[in-house]
Amino acid sequence: MKSKRDAKPAAPARTSSTRVAGKPTAGKPTAGKPPSRQSQSRTSGHSRGKGAPRQIAGSSSASSRAQNLDGKQVEGRQAVRELLLAGARRVMDVWIVEDIEQSAVIGDITELAGEMRVPIKRVTRGALDAEARSDAPQGVLAHAAPIEPIDFDTLCTRRALSGAPPFLLALDGVTDPQNLGALLRSGACAGITGVVLPRHRAAHITPTVTKASAGAVEHLPMSLVSGLPTAMMRAKELGVWTVGLDADGEVNLFDLAVGNEPVMLVLGAEGKGLSRLTRTRCDIVVSIPLWGALSSLNVGVAGALACYEVARHRETGRTSPN
């Protein structure tokens, strides 16, 4: 399949697909499975899967370790519960409003905090709302150690617990914390193995993101990169297909043929979609067919559809008699 790197870059477009009247776009590039990523040569001269180690943002360099993804304040009942269940980072305390209505989730939080010897601070609703940085924190928040990014090369090579190849979600300038949280939640449910976030001009793990993700941030390895296009080139050197989602994508999402291989799904920013350079670095650019009156999808919804399409390929591969 011809790579967008070899074609003239198209103008940036919406994250979701353009309107298609009546049926999916026909006559696009073939849906046949491209040659294995491991069998192709790179423009950089490296063979697939044998790229030389390279220091890029998200690596284990001292400068990378000095910066983290935030996540120090976790808000919302499910988010705090998952923080305690995961046990992946230190929790300093949990705040719960004095008059909170008891429920199974509140019971879990109280029990888990007790088992972990995490102090529970009973506060007035006014005090908790004054501390909160998201809308409707649901009477619960926690303070924890920040989420530390992991090495980018590790993210590109680690497999899922099921043994499936890497399945990464990379976000090109998504700035809305609600959208980021929703994407992380959908991605976690679809089985992604990691997340790639730009260091600048993008949302990171704020209290709003932790709440919107319903605790998904506790279970997803993440890397911070200084430039997504550069990270995409490194991912290719490590044998990962880069698949962009864009309105003018030349391949129908439902014809994507590399779902069973190492994949990095790249989503663009709200409104403007993929940046020009990011788009040209994609191996494949796919679009979502639309049959209704509207001509766009929210990035969170579009991302959920794309994640589950990759997941569908992987589930089919696991259940196929071949």
Measuring only between side-chain heavy atoms, which start at C-beta, is Pro207 closer than 4.5 Å to Val74? no

Check the hydrophobic clustering (I, L, V, M, F, W, Y; side-chain heavy atoms under 4.5 Å; chains of links allowed) and say if Val140 and Val209 are grouped together. no

Side-chain heavy-atom pair Pro166, Pro262 within 4.5 angstrom cut-off: yes

Hydrophobic cluster identity match, Val258 and Leu305, side-chain contacts under 4.5 Å: yes

Non-neighbouring partners of Ala306 that pass side-chain contact (heavy atoms from CB on, under 4.5 Å), sequence neighbours left out: Leu245, Leu253, Leu265

Would you check if Ile96 and Ile120 make a side-chain contact, meaning some heavy-atom pair closer than 4.5 Å? yes

Euclidean distance, Ile284 CD1 relative to Leu256 CG, rounded to 0.5 Å: 5.5 Å

So do the side chains of Ile100 and Arg77 get within less than 4.5 Å of each other, counting heavy atoms only? yes

Note: Met116 and Leu84 closest approach over all heavy atoms is SD-O, 3.4 Å

Rounded to the nearest 0.5 Å, what separates atom CD in Glu237 from atom SG in Cys156? 10.0 Å

Applying the side chain to side chain contact (heavy atoms under 4.5 Å, CB included) criterion to Val266, which one of Asp246, Val243, Leu228, Leu168 satisfies it? Leu228

Contacts of Ala202 meeting side-chain contact (heavy atoms from CB on, under 4.5 Å) (sequence neighbours excluded), chain-then-number -> Pro198

Apply side chain to side chain contact (heavy atoms under 4.5 Å, CB included) to the pair Glu309 and Val286, showing each step before the final yes or no. CA-CA 11 Å; Glu309 180 60 15; Val286 299; over 6 Å; no

Can you confirm whether Glu101 is buried at CD, in the sense that more than 12 heavy atoms of other residues, nucleotides or ligands lie under 6.0 Å from that atom? no

Do Ile205 and Val91 sit in the same hydrophobic cluster, where Ile, Leu, Val, Met, Phe, Trp and Tyr count as joined when their side-chain heavy atoms come under 4.5 Å apart? no

Hey, any chance Val217 and Ile109 share a hydrophobic cluster, counting ILVMFWY side chains that come within less than 4.5 Å of each other, even indirectly? no

Sub-3.5 Å donor-acceptor pair from the side chain of Arg281 to the main-chain atoms of Pro229, do we have one? yes

How many angstroms lie between CG in Leu141 and CG in Leu83, if you round to the nearest 0.5 Å? 11.0 Å

Does any pair with a residue in residues 71-104 pass ring pair (Phe, Tyr, Trp, His ring centres under 6.0 Å), and if so which ones, sequence neighbours excluded? Trp95-His143

Least distance between heavy atoms, Met92 atom then Ala145 atom: CE-N, 3.6 Å

Within the 4.5 Å heavy-atom criterion, are Leu169 and Leu220 side-chain neighbours or not? no

Closest non-hydrogen contact found for Leu155 with Val195 is CD2-O, 3.4 Å

Quick one: does Gln138's side chain get under 4.5 Å of Val80's, heavy atoms only? no

For Glu315 and Arg312, run salt bridge (charged side-chain N to carboxylate O under 4.0 Å, His left out): C-alpha distance rounded to whole Å, both residues' side-chain angles, the deciding distance at 0.1 Å, then the answer. CA-CA 5 Å; Glu315 182 64 23; Arg312 183 182 70 83; over 6 Å; no

Taken to the nearest 0.5 Å, the spacing of Glu98 CD from Arg125 CZ works out to 10.0 Å

Kindly write out the residues that satisfy side-chain contact (heavy atoms from CB on, under 4.5 Å) with Pro137, not counting sequence neighbours, or none if the list is empty. Glu75, Leu128, Asp129, Ala132, Ser134

Enter the distance from Ser223:OG to Leu197:CG here, rounded to the nearest 0.5 Å. 9.0 Å

Taking the side chain as every heavy atom from C-beta outward, state whether Arg158 and Pro221 have any atom pair closer than 4.5 Å. yes

Can you give me the closest heavy-atom contact between Asp70 and Asn68, atom names plus distance? N-OD1, 2.8 Å

Kindly state each residue pair satisfying side chain to side chain donor-acceptor pair (under 3.5 Å) with at least one member in residues 82-92, sequence neighbours excluded. Glu82-His219, Arg89-Glu218

Do Val285 and Asp248 have side chains that get closer than 4.5 Å, going by heavy atoms? no

How long is the span from the CG atom in Leu224 to the CD1 atom in Ile150, to the nearest 0.5 Å? 11.0 Å

Is Tyr308 reachable from Leu184 through a run of I, L, V, M, F, W or Y residues, each pair having side-chain heavy atoms under 4.5 Å apart? no

Do Asn179 and Asn298 pass the side chain to side chain contact (heavy atoms under 4.5 Å, CB included) test, and can you show the C-alpha distance, the side-chain angles, and the key distance before you say yes or no? CA-CA 8 Å; Asn179 282 337; Asn298 170 271; 3.2 Å; yes

Residues Asp93, Lys121; criterion salt bridge (charged side-chain N to carboxylate O under 4.0 Å, His left out); working and verdict: CA-CA 7 Å; Asp93 59 32; Lys121 186 176 180 180; over 6 Å; no

Thr193 (side chain) donor-acceptor with Phe167 (main chain) under 3.5 angstrom: yes

Could you report the tightest heavy-atom contact between Cys307 and Gly187, atom names first, then the distance? SG-CA, 4.1 Å

Going by side-chain contact (heavy atoms from CB on, under 4.5 Å), name the residues that satisfy it together with Ala304, two or more places apart in sequence or in a different chain. Ser186

State, to 0.1 Å, how close Pro177 and Ala212 come at their nearest heavy-atom pair, and which atoms those are. O-CB, 4.4 Å

Mark yes or no for whether Asp172, through its side chain, and Ser275, through its backbone, hold a donor-acceptor pair below 3.5 Å. yes

Donor-acceptor pair, side chain of Arg314 and main chain of Gly259, under 3.5 angstrom: yes

